Structures are given as structure tokens and as C-alpha cells.
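It should be emphasised that the depicted structure is a prediction, and the values quoted were computed from it without experimental measurement.
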Amino acid sequence: MKITILTLFPEMFEGIFSNSIIKRAIAKEIVEIKVVNIRDYTLDKYGRVDTPPVGGGAGLIMKCQPIVDALKANSTPQTHKILLSPRGRTYNQQIAHEYTKKEEILLLCGHYEGIDERVNSYVDELVSIGDYILTGGEIGAMAITDSIVRLLDGAIADDSIVEESFENLLLEYPQYTEPYNFEGHKIPEILYSGNHEAIKKYRQKQSLKITRDCRKDLFDKYPLTKQDKKLLKELDEGIKESEWEIKAKEKGKKFMKEK
């Protein structure tokens with residue numbers, strides 16, 4: 001896969017693409033990432049890429065010519081061209097999966113007070129990463145690139161992706177590390193039980209609870225299974241621990257004593 005980013009500030013991307021998962025994915029040739037400086041394409045004799053808006057107004061607007069020439073020079077017919085814009089559809093995990101199916105993606109970062117309206121005619125879609133204001137599209141482009149790359153085959157272990165938050169509309173269950181008791185905060189004994197089926201049910205129950213409590217919008221979209229409904233019934237009836245949880249927990253306690 002190839003990802004091209006058009007920006008006025010290419011230096012902003014140096015750190016994120018030279019570390020962690022993205023660096024390894026590039027080394028494995030899973031993804032090719034190209035950062036292009038829009039300034040390189042301006043025909044302005046003073047090297048400017050922005051100008052005050054026609055009709056007056058605050059700030060500066062990015063000009064058509066440098067952006068369009070950069071788009072044309074760095075895309076092919078199969079390139080999916082995306083402009084980071086507050087008008088666009090809100091980015092989410094489903095869209096990240098959608099983009100992994102593309103051969104080439106181009107992310108165009110706006111800056112200053114915005115870009116010439118006519119640039120919209122040269123891209124395939126507009127995308128927003130949320131309802132808040134950033135100085136430019138660079139941080140959004142970083143977030144989108146990171147979310148796509150980690151889904152590509154070979155970037156990270158498949159198991160790591162399956163149980164992550166948002167993958168199935170549920171937030172991820174709580175995770176713990178040793179020691180068992182940290183300043184009075186203990187790891188649930190059920191996780192020491194060795195009963196993988198019980199642990200799986202416990203984690204699903206926690207995911208359901210956390211999602212319903214914290215992100216009702218996601219929970220309402222989630223298709224509940226028969227088991228999910230039983231787990232939620234236990235929660236709604238105030239049953240702190242069901243019979244299967246108690247049995248698994250006792251095994252966990254026994255393990256901790258013998259440890």
C-alpha cells in the first residue's frame with residue numbers, strides 16, 4: 001500500500017514515521033509513505049502558497065495552484081484522494097478498514113484559515129477526525145495513517161487487532177499486569193483461574209458494561225447475542241458474581257495461594 005501526504009510542514013511527520021509500528025511496517029515494505037511539501041509546487045515568484053481571501057476576512061487561505069499541481073504530480077488514476085476537512089464524514093474504525101482495501105491513498109492537509117474552495121473538486125472525499133479545531137490537517141493525517149497501517153497484514157499480530165476497542169463496536173475489556181496487589185488494587189481472581197471459557201465470558205461481560213456505561217452510542221449499534229443478553233441480565237439484576245464466575249474465581253484464589 002502507498003500513502004502520500006501533502007503538507008506545508010513535512011518536518012512534523014519525521015518522528016511518528018520513524019518509530020514503532022509504522023517504522024517496522026515501512027521496513028517490511030508493507031507500506032510506502034511519502035510526505036510531499038506543497039511549497040515545492042508553487043509558481044509564485046516569492047514562493048508563497050497562501051493569500052488573503054477575496055472579499056476580505058481574517059487570516060490567509062491556501063492557494064489553488066500549488067495544491068492542485070501537487071495533487072496531479074503525486075497521484076495516479078487509482079489514488080484515493082482525501083482532504084482533511086470539518087465538512088467530511090467523521091473518521092472511525094470502519095473507515096480505517098475501508099481504506100486498507102485501497103492501493104493508494106493521498107491525504108491533503110489544509111492549514112491557516114483554510115484552502116481555496118475550488119480544491120474540493122480535485123479530491124475524492126472529505127474526512128474529519130472530530131468536532132474540534134486544529135491548526136492544520138497534519139495531526140489528522142498522522143492519526144489516519146497510523147490507524148490504517150496497524151491494520152495491514154503483517155504490521156502487528158492478528159490477535160492484537162481482533163480484541164481492540166471499536167473493532168466490534170465494543171470497548172475493550174480491562175487489562176492487568178503483575179503484581180496481583182498494587183497499593184490495595186487487586187487483579188480479579190478469575191483471570192488466574194486457567195478457565196479460558198470463563199475468562200472469555202468475564203471479559204465480554206466487562207466490555208458490554210464499559211461500553212454501555214461510557215459509549216451508549218456504540219452500545220446501541222452492537223448486535224447482542226443470546227449470551228450477551230444473559231450477561232447483561234446478570235448486570236441489570238445486580239448479580240455481582242454469577243455461579244460460573246464464583247467457581248472460576250475460587251480456582252483463581254486457589255492458584256494464588258499455591259503460587
Side-chain angles (χ1 to χ4, degrees), residues 19-25 27-28 30-31 90-101 143-259:
N19 288 281
S20 190
I21 293 170
I22 295 182
K23 179 181 179 181
R24 293 197 297 271
K28 292 179 181 179
I30 294 169
V31 65
T90 304
Y91 191 70
N92 57 29
Q93 191 70 1
Q94 182 180 345
I95 298 174
H97 277 284
E98 179 185 319
Y99 286 167
T100 63
K101 307 298 189 295
I144 291 173
T145 300
D146 185 273
S147 65
I148 294 171
V149 171
R150 66 196 321 281
L151 293 176
L152 298 177
D153 289 342
I156 61 175
D158 292 341
D159 290 347
S160 297
I161 295 174
V162 173
E163 296 186 345
E164 288 184 320
S165 293
F166 306 114
E167 275 300 327
N168 61 359
L169 295 177
L170 292 182
L171 298 178
E172 191 174 7
Y173 49 79
Q175 299 272 29
Y176 302 91
T177 61
E178 296 287 1
Y180 162 67
N181 187 338
F182 179 75
E183 296 186 351
H185 302 282
K186 299 178 181 179
I187 297 174
E189 285 90 349
I190 192 172
L191 298 178
Y192 291 102
S193 68
N195 186 331
H196 298 297
E197 186 60 33
I199 291 173
K200 184 178 179 180
K201 283 177 66 177
Y202 169 78
R203 286 175 165 169
Q204 179 70 0
K205 188 176 184 179
Q206 294 302 307
S207 286
L208 290 166
K209 182 181 185 303
I210 290 170
T211 307
R212 188 170 67 174
D213 290 348
C214 301
R215 288 293 304 273
K216 189 67 164 50
D217 58 320
L218 291 176
F219 180 81
D220 289 342
K221 298 175 185 177
Y222 177 73
L224 296 171
T225 65
K226 288 183 179 180
Q227 178 174 285
D228 291 333
K229 291 176 181 177
K230 288 180 181 178
L231 296 174
L232 287 170
K233 186 178 179 182
E234 292 176 5
L235 290 170
D236 293 337
E237 291 179 353
I239 301 173
K240 292 184 178 180
E241 292 178 333
S242 61
E243 188 176 338
W244 61 269
E245 285 177 287
I246 293 171
K247 289 181 179 179
K249 183 178 178 179
E250 290 304 315
K251 284 187 177 181
K253 285 182 177 179
K254 183 179 179 182
F255 172 82
M256 292 302 296
K257 288 180 181 179
E258 295 174 351
K259 187 175 177 181

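With sequence neighbours left out, the side-chain hydrogen bond (donor to acceptor under 3.5 Å, both in side chains) criterion links Q204 to Y222, D228. With sequence neighbours excluded, no residue forms a side-chain hydrogen bond (donor to acceptor under 3.5 Å, both in side chains) with T100. Partners of F182 according to the ring-ring contact (aromatic ring centres under 6.0 Å, His included) rule, which considers only residues two or more places apart in sequence or in another chain, do not exist here. Legend: residues meeting side-chain hydrogen bond (donor to acceptor under 3.5 Å, both in side chains) with K205, ordered by chain and number and at least two apart, are E234, E245. For the side-chain contact (heavy atoms from CB on, under 4.5 Å) test, residues two or more places apart in sequence or in another chain that qualify with S193 are I190, N195, I199, A248, K251.
Side-chain contact between P174 and I210 is present, with at least one heavy-atom pair separated by less than 4.5 Å. With a 4.5 Å cut-off on side-chain heavy atoms, R24 and I30 do not count as touching.
Once rounded to the nearest 0.5 Å, the distance linking NZ of K221 with CZ of R215 reads 8.0 Å. A distance of 12.0 Å separates CG in L170 from CD in Q206, rounded to the nearest 0.5 Å. Here the CG atom belonging to L208 is positioned 5.0 Å from the CG atom belonging to L232, to the nearest 0.5 angstrom. Taken from NZ in K229 to CG in D236, the straight-line distance is 13.0 Å, to the nearest 0.5 Å. To the nearest 0.5 angstrom, K249 atom NZ is 11.5 Å from S242 atom OG. Between atom CG of residue L171 and atom CZ of residue F219 there is a gap of 11.5 Å, rounded to the nearest 0.5 Å.
Nearest approach of S207 to Y173, heavy atoms of both residues: OG-N, 3.2 Å. L235 and R212 make their closest contact through CB-NH2, 4.2 Å (heavy atoms, listed as atom of the first residue, atom of the second, distance).
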Practice problem: Kindly determine whether Y99 and L151 satisfy side-chain contact (heavy atoms from CB on, under 4.5 Å), including the steps that lead there. | Solution: CA-CA 10 Å; Y99 286 167; L151 293 176; over 6 Å; no

Let me see the working for L231 and K209 under side-chain contact (heavy atoms from CB on, under 4.5 Å), right down to the final yes or no. CA-CA 9 Å; L231 296 174; K209 182 181 185 303; over 6 Å; no

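Using a 4.0 Å cut-off between charged nitrogen and carboxylate oxygen, D220 and K216 count as a salt-bridge pair.
Ring geometry for Y192 against Y180 counts as perpendicular: the plane angle is over 60°, on a 0 to 90° scale with 30° as the lower cut.
Each salt bridge (Lys or Arg N to Asp or Glu O under 4.0 Å) pair with one or both residues in residues 184-199, not counting sequence neighbours, would appear here, but there are none.
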